[in-house]
Undergrad: 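Below is a structure I'd like to ask you about.
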Protein chains: 2
Amino acid sequence: MATGRTHRPATRSRGIPEATVARLPLYLRALTALSERSVPTVSSEELAAAAGVNSAKLRKDFSYLGSYGTRGVGYDVEYLVYQISRELGLTQDWPVAIVGIGNLGAALANYGGFASRGFRVAALIDADPAMAGAPVAGIPVQHTDDLDRIISDNGVSIGVITTPPGAAQQVCDRLVAAGVTSILNFAPTVLSVPEGVDVRKVDLSIELQILAFHEQRKAGEEAAGDGAPAGEAAPPVRATPTNRKGPDGDLPAVMPA
Amino acid sequence: MATGRTHRPATRSRGIPEATVARLPLYLRALTALSERSVPTVSSEELAAAAGVNSAKLRKDFSYLGSYGTRGVGYDVEYLVYQISRELGLTQDWPVAIVGIGNLGAALANYGGFASRGFRVAALIDADPAMAGAPVAGIPVQHTDDLDRIISDNGVSIGVITTPPGAAQQVCDRLVAAGVTSILNFAPTVLSVPEGVDVRKVDLSIELQILAFHEQRKAGEEAAGDGAPAGEAAPPVRATPTNRKGPDGDLPAVMPA
DNA sequence: GCTTGTGAAGCCCTTCACAGCG
DNA sequence: CGCTGTGAAGGGCTTCACAAGC
C-alpha cells in the first residue's frame, strides 16, 4: 500500500471502510471495461475475478454502498458504474496541479489515465525559470513564484508533488497555504501537514524493496540456512557489542565473533 | 496501498508481518539520513517521528527482527541500517528490467532512488523497433523480441512493467516464462501470474481517486445534505427499478423519482 | 435454482501499558 | 531513571456460510 495520512487514525468515512474505498477504483475499472463491451449485468463472482479480489469481499464492499444488486441475477453494470463514480466523487471535475516537472512530473502530465477519470491537469509548476512557458503535454509550465495565485485561480484542491525530496516539504507547505487539501506525494519524504489535509504517498523504491524482501526469501528457501549472500558488505561492528538474539530461523553469526 | 499478490493469502514471511516489511524501507530511509548526519544512536520515539509512525509500532516492528536496541539508550544507527538492509535483501545487487519505455518507463530509468538501494537497471525493453539502440538514461533500449535472452543474460528476477494496459499481461507472461519472479506493475491491469510469482502494483489514477473520495467528503461536511454536485451527469436509469435502500446518511433521492 | 446481502467467526495488525534491563 | 521489548487488549478487515429474495 502506498497510503500515508499523517496521524489521524483513518476514521471510517461515512460508514465506508478505508479498505473498501481503496478497492472501489478497481471495481470501477473492471466495470468500465464491461460497459464498453456492452455487458448488461455481472455477478459478484465474475466481477471479482476481473478486479482480482474474491467475491465475498466484493459483495461486502458493495453492501456498504447500498443494496445495488439483484439476487439470482447480479449487478447492473451501468448503474453500478454510476453509483461508484458518484461515491468516489468522479462525477465532478477535479483540477489538479503538478509541482516539479522533471521526468516523473512530465510523465504524469502526459498520463492518459487521469483525464478519463475526471482529473484535469490544470497547472504545471516548476522552480526552474528556464522551463517557464515551455509547454509539457500541451500545458505551459509556470514558475513556483506564482504558485499561490495559480492554485487559487484554478480552484485546485488536489496537488501532486514530484519535486526532489529536499523541496517537497516546502512545496507542500505552500500548496496547503494556498488552499490545497489533498496531496499525492511522489517525493521520498515524510510530509507533515495540518489536520484536515490528506496525504497519500507513492514511493517507487519502496515497492521494489518489498519485492526484494520476498525475492530474497524465495532464494533462501531453495538453499535454506546458507551463509551471507555473495557480494555482501562486511557488517558494521555494533557500538555496544552484547549477546544478540535473533528470531528463530535467523542467520547464525551475523556479527564477527 | 499499492499491493497486489494474486490470491495466496499473504502468508507471514519468516515471522515478519507484511505490514512490518512494508515499513522497513521507511525506517531505512530515516536511518540513512541520520547516518549521513553521523548521529550515533536514536530512540524509538525520535526515529518513529522521522519515519512518520508511532513509536510503539516501530518497537514492535523491530522486535520481529530481533533485539537490536539498548534499553535506556536507543538503537545504534549504523547497526540498524545494516540489519534492515540485510533483512530486505539490499546487501546484494538486484538487476531490474523495465519493459515499456514511454514517459513513465523513461522516468523510472532515470530515477536515482533505485541505484542507491541496490537496484540496477540492467535492461530497457520496448516493442517499438524505432527505439531500439537509442539510449535512455545511458542504457540502450532493446527490442521485445529479445526479451527472453535479455532476462536470462542479465540474471533479472525483478521486472517492471510500464507498457500500455493492453500489452501488460502478455509482457508479464513472457517475463515469467523467462524466469522473472517479482513484478512491479504500473499498467492499470490486473495481472494473473502462476504461484510463486509476486506482483505489486502502483496505480497512479487509483491514488487520485482515493483522494477525491475524501476531498468530496470534506466538501460535503461544510454544507452537508445538499443535492447532487454541480455539473453532475444524469444518473442512468436502472434496469430493474426496485425500491432502493441506501446506507444511513446517504443522499436522498439519488435516482429520478 | 442461483446470487446477493450479511451476521458471525477468525485473523492480522495496532495500541496500550508495563515489566525488564541497561 | 529511561527506553526497549512484549504480553494482552482492542479494532478493523477478511472470510465463511447461510438466510433472504428474485
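Nothing here was measured: the structure is a model prediction, and the numbers come from that model.
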Undergrad: Separation of Lys60(A) atom NZ from dT4(C) atom C1', in whole Å?
TA: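 Lys60(A) atom NZ is separated from dT4(C) atom C1' by 12 Å.
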
Undergrad: Which sits closer to the 5' end of DNA chain D, Asp61(A) or Asp61(B), going by the nucleotide each is nearest to?
TA: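 Mapping each residue to its closest nucleotide by heavy atoms, the 5'-most match is Asp61(B).
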
Undergrad: Kindly point out which of dA17(D), dT6(D), dC13(C) is positioned nearest to the side chain of Ser63(B)?
TA: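 Selected nucleotide (nearest to the side chain): dT6(D).
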
Undergrad: Any sub-3.5 Å donor-acceptor pair from Thr32(A)'s side-chain atoms to Leu28(A)'s backbone N or O?
TA: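 Answer holds: yes.
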
Undergrad: Please check the phosphate of dT14(C) (OP1 and OP2 only) for any side-chain N or O of Arg23(B) closer than 4.0 Å.
TA: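 Yes, Arg23(B) has a side-chain N/O under 4.0 Å of OP1/OP2 on dT14(C).
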
Undergrad: Mapping Ala56(A) and Gly72(A) onto DNA chain C by nearest heavy atom, which one lands closer to the 5' end?
TA: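 Nearer the 5' end of the strand: Gly72(A).
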
Undergrad: Strictly below 4.0 Å: does Tyr75(B) bring a side-chain N or O up to OP1 or OP2 of dG5(D)?
TA: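 Yes, because at least one side-chain N or O of Tyr75(B) sits under 4.0 Å from OP1 or OP2 of dG5(D).
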
Undergrad: Could you tell me the separation between the CZ atom of Phe62(B) and the C1' atom of dC3(D), rounded to a whole number of Å?
TA: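 Rounded to whole Å, this separation is 14 Å.
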
Undergrad: Please confirm whether any donor atom in the side chain of Arg71(B) sits under 3.5 Å from an acceptor in the base of dT4(D), or the reverse.
TA: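 Checked by distance alone, the answer is yes.
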
Undergrad: Once salt bridge (charged side-chain N to carboxylate O under 4.0 Å, His left out) is applied, what residue pairs with a partner in residues 50-73 of chain A remain, sequence neighbours excluded?
TA: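 Non-adjacent pairs meeting salt bridge (charged side-chain N to carboxylate O under 4.0 Å, His left out): Arg23(A)-Asp61(A).
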
Undergrad: Atom CD of Glu45(A) to atom P of dC2(C): distance rounded to whole Å?
TA: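 So the CD-P distance, Glu45(A) to dC2(C), works out to 13 Å.
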
Undergrad: Determine whether the side chains of Glu215(B) and Thr181(A) contain a donor N or O and an acceptor N or O closer than 3.5 Å.
TA: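 There is such a pair between these side chains.
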
Undergrad: Between the main-chain N or O of Leu65(A) and the side-chain N or O of Glu87(A), is there a donor-acceptor pair closer than 3.5 Å?
TA: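 Side chain of Glu87(A) to backbone of Leu65(A), a donor-acceptor pair under 3.5 Å: no, none is there.
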
Undergrad: To the nearest Å, how far apart are Leu47(A) CG and dT4(C) P?
TA: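 Between P of dT4(C) and CG of Leu47(A): 9 Å.
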
Undergrad: Does Ser44(A) make a side-chain N or O approach to OP1 or OP2 of dT3(C) shorter than 4.0 Å?
TA: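 No, outside the criterion.
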
Undergrad: May I have the distance from Leu65(A) (atom CG) to dT4(C) (atom C1'), rounded to whole angstrom?
TA: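 Going from CG in Leu65(A) over to C1' in dT4(C) covers 14 Å.
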
Undergrad: Output yes when at least one side-chain N/O atom of Asn54(A) is less than 4.0 Å from OP1 or OP2 of dT15(D), else no.
TA: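 Yes, within the criterion.
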
Undergrad: Taking only residues at least two apart or on different chains, which pairs with a member in residues 30-46 of chain A satisfy salt bridge (charged side-chain N to carboxylate O under 4.0 Å, His left out)?
TA: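 Of all non-adjacent pairs touching residues 30-46 of chain A, none passes salt bridge (charged side-chain N to carboxylate O under 4.0 Å, His left out).
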
Undergrad: Please state how far atom CD in Glu18(A) lies from atom P in dC13(C), giving the value in whole angstrom units.
TA: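 Roughly 18 Å, once rounded to whole Å.
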
Undergrad: Under 4.0 Å between a side-chain N/O of Lys57(A) and OP1 or OP2 of dT15(D), yes or no?
TA: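 Answer is yes, contact under 4.0 Å.
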
Undergrad: Nearest whole Å is fine: how far is dC2(C) C1' from Glu46(A) CD?
TA: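 Computing the Glu46(A):CD to dC2(C):C1' distance gives 12 Å.
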
Undergrad: Starting at atom CG of Leu58(B), determine the distance to atom P of dT6(D), rounded to an integer number of angstrom.
TA: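 The answer, rounded to whole Å, is 14 Å.
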
